[in-house]
Q: 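I'd like to ask some things about the structure below.
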2 protein chains.
Amino acid sequence: MITSRDVARLAGVSQPTVSRALRDDPKVSEATKRRVREAAEALGYAPSAIGRALSVGRSTRVGLVVTDLDNQFYAHVIAPLHEELERLGHELVLITESSDSGPVAERVLAHGLCGVVLATTTVDSILPARLRDRGVPFVYFNRTAPSVAADSVTVDPERGVRELLADVLRRGHRRIGAVFGPRNTSTGEQREQVVRAVLDEHGIGLAHRDVLHGPFDFRTGHDGLRALLGREDPPTLVLCGNDVVALGALNAARELGAAVPGDVSIAGFDDLPTSAWALVRLSTVAYDLDGMSREAARLLVGRVERPDADPVHAVYPTRYVARDTVGEPRG
Amino acid sequence: MITSRDVARLAGVSQPTVSRALRDDPKVSEATKRRVREAAEALGYAPSAIGRALSVGRSTRVGLVVTDLDNQFYAHVIAPLHEELERLGHELVLITESSDSGPVAERVLAHGLCGVVLATTTVDSILPARLRDRGVPFVYFNRTAPSVAADSVTVDPERGVRELLADVLRRGHRRIGAVFGPRNTSTGEQREQVVRAVLDEHGIGLAHRDVLHGPFDFRTGHDGLRALLGREDPPTLVLCGNDVVALGALNAARELGAAVPGDVSIAGFDDLPTSAWALVRLSTVAYDLDGMSREAARLLVGRVERPDADPVHAVYPTRYVARDTVGEPRG
């Protein structure tokens, strides 16, 4: 491998001069710059991230740990996260937790990443503790684990869910069903708790048999809605753990010939761009996912620079977006 | 920075033994492995990608150059590409061409990537020539540039478009409109050529005013359909450059209260998962996008290992998937 030392030797200058010349430092004369550039070209030398990483002792690569890259939720996280990291001079490396190629903490270390954004944390994840023990900076994105303190960017569902349920109750729904997210995620757990607490204030309970749980994916909503509508006396409205789940539910309703909201109302959480499509018009709970993703990038880069600062917890508020999938109950 | 040399010194073994022990090489005794692991742990040493890259002279990071990460087409490329690269012991780094942080070729070199998958090539891109001149291996994905030879994974639209147009003509459409992709992409150009050639065989031309062009995105289809349906005598069917464009068109039709296919038929190209939704049921041209993405990963890794082998061109066939958005013309 060609190094700046080789270039320095060929150009007859010191090694630091090579770096300065290639950075176009005004303190280096034009003649020297030309000589260094010619030597670098002759040797096929390019200053690499590897070289920079070794010289400053760390890399500029940030990992994003996700489970399911096909899930459209992540597309809307990756784009702004990548853009903000690039603005900060960092690169984004994708890491999937579902893969079989070894424990994530080891791979993060092996890849020489400067830090990690965790978007898949479950309440019983061992990854946060392993990253902490190995001194790898990380930021919780959307989901957190109670056991290990770290910077976090999360959503407060309270206001949006409250507004959604006010609309639902005002329209007269009393038999409410739900396809909630996984119980072992802070997002799934927190949204379910808020829903139950608000309904409780109105003296309405969720019947045990009207409540399902599953991963935050299309199939969960699709199969969940089919199960709920297959009952003899189905709920008149189904709350979904997030928009991807709600999209699965809406498609299942269409397959069954059930009109939305005529036969069943459906609500989501996230307000993804697809939810605003004329073909979809999902009533849902919105927050600034783009801004959250950018904030996660900034928090992580800041954390790498100041590893001992107190953890920062950015919490994003929510609001209800009423579209066409929540209407009056039948009858 | 702790190196394997430090671990070797503390464990009282040679440096190559450290690597072998940490790789769990059967030729190293269990006692030695334990000693090396304890020394590594005591020093906080982890074999890094940087170290591996220096020891073998190159990195295991592959860049994917895209424009628009929000575009759902890319989500279905990134997931399998990432998975296949990971299986091959490589990592995926995202690079967007639209960003302002310097020319892509320089960033690829600066990031120390071992190679690049190009998914945004236009026929006049300078990136392929710059990568070739700098000796960076790359694979054309989906789109190619004629000026620089390299491995490629592309789609042959012929059969799928032929089957689609046979269905369209059998149903009686004669006034056909189109919202094609950009003329400066091989995919846009090639699909348009095949459409024109096949219609020509049937003595049908595309009226100049019924043909629009634009980027392969939602807005192109959305605004394109509104423009075409705003005419006094609109086409009875609109061919779209790809599925994301067709999804924009379908949503615009819904906004306008135009029934699909009652008032206007719409066809796409790609068969993304969304196109099969019950809410969408897009008639489109399908091919193995997942397989293509995996093949791009394998070709690139192979190219890095055998830089002088002849270029490989993998071409994927297409077929028509008739769903609900192509029907009989009005009247």
Side-chain angles (χ1 to χ4, degrees), chain A residues 1 44 46-54 57-61 63 68-72 74-76 78-80 82-83 85-87 89 91-96 98-101 106-107 109-113 134-135 218 222 247 250-256 273-274 277-281, chain B residues 1 44 46-54 57-61 63 68-72 74-76 78-80 82-83 85-87 89 91-96 98-101 106-107 109-113 134-136 218 247 250-256 273-274 277-281:
Chain A
M1 194 184 194
S48 70
I50 292 175
R52 275 210 313 279
L54 287 174
R58 63 171 185 249
S59 84
T60 54
R61 288 191 303 286
D68 170 13
L69 277 167
D70 264 328
N71 195 310
Q72 61 169 296
Y74 290 125
H76 299 295
I78 288 173
H82 164 77
E83 202 176 284
L85 283 173
E86 202 166 61
R87 204 181 62 74
E91 302 100 63
L92 181 60
V93 177
L94 297 177
I95 300 172
T96 41
S98 57
S99 87
D100 293 328
S101 55
E106 276 61 43
R107 280 153 60 212
L109 287 166
H111 292 178
L113 303 178
R134 284 146 186 265
F218 188 92
H222 180 272
L247 289 167
L250 285 174
N251 276 287
R254 174 66 58 93
E255 287 166 22
L256 294 167
T274 306
W277 283 4
L279 291 178
V280 175
R281 301 275 310 151
Chain B
M1 192 183 194
S48 70
I50 292 176
R52 274 209 314 278
L54 287 175
R58 65 172 184 247
S59 86
T60 54
R61 289 192 302 287
D68 170 15
L69 277 168
D70 264 328
N71 195 310
Q72 61 168 294
Y74 290 124
H76 300 294
I78 289 172
H82 164 78
E83 202 175 285
L85 283 173
E86 202 165 62
R87 203 182 62 75
E91 303 99 64
L92 181 60
V93 177
L94 296 178
I95 300 173
T96 40
S98 57
S99 86
D100 293 328
S101 56
E106 277 61 43
R107 280 153 61 213
L109 287 166
H111 292 177
L113 303 178
R134 283 144 187 267
V136 178
F218 188 91
L247 289 166
L250 284 174
N251 276 286
R254 175 65 59 92
E255 287 166 23
L256 295 166
T274 306
W277 283 4
L279 291 179
V280 175
R281 301 276 309 150

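This structure is a prediction, so every number in the text was calculated from the model and none was measured. Quick note on labels: first sequence line is chain A, next is B, and so on, each numbered from 1.
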Q: Give me the atom names and distance for the closest heavy-atom approach of Ala75(A) to Asp70(B).
A: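 Reported closest heavy-atom pair: O-OD1, 3.9 Å.
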
Q: For the pair Trp277(B) and Trp277(A), name the ring-plane relationship: parallel under 30°, tilted 30 to 60°, perpendicular over 60°.
A: tilted

Q: What part of Leu85(A) gets closer than 4.5 Å to chain B, counting heavy atoms only: side chain, backbone, both or neither?
A: neither

Q: Determine the option with the most heavy-atom pairs under 4.5 angstrom with chain A, choosing from Ile95(B), Thr274(B), Leu250(B).
A: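 Greatest number of close heavy-atom pairs with chain A: Ile95(B).
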
Q: Picking from Leu92(B), Val280(B), Leu113(B), which has the most non-hydrogen pairs under 4.5 angstrom with chain A?
A: Leu92(B)

Q: Could you give the distance from CD (Glu83(B)) to CG (Leu94(A)), rounded to the nearest 0.5 Å?
A: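 Going from the CD atom of Glu83(B) to the CG atom of Leu94(A) covers 12.5 Å.
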
Q: Given heavy-atom pairs under 4.5 angstrom as the criterion, report whether the side chain, backbone, both or neither of Leu247(B) touches chain A.
A: side chain

Q: Return the option, out of Leu279(B), Asn71(B), Ile78(B), with the maximum number of heavy-atom pairs under 4.5 Å with chain A.
A: Leu279(B)

Q: Search all heavy atoms of Glu91(A) against all heavy atoms of Val93(B) and return the closest pair with its distance.
A: CB-CG1, 3.9 Å

Q: Locate the shortest heavy-atom distance separating Glu255(A) from Ala278(B); write the atom from each residue and the value.
A: CG-CB, 3.6 Å

Q: Can you tell me how far the CD atom of Gln72(B) sits from the NE2 atom of His76(A), to the nearest 0.5 Å?
A: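 The distance works out to 8.0 Å.
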
Q: Measure the spacing between CG of Leu69(B) and NE2 of His82(A) and express it to the nearest 0.5 Å.
A: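 Spacing of CG (Leu69(B)) from NE2 (His82(A)) equals 5.5 Å.
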
Q: Contact part of Phe218(B) toward chain A, heavy-atom cut-off under 4.5 Å: side chain, backbone, both or neither?
A: side chain

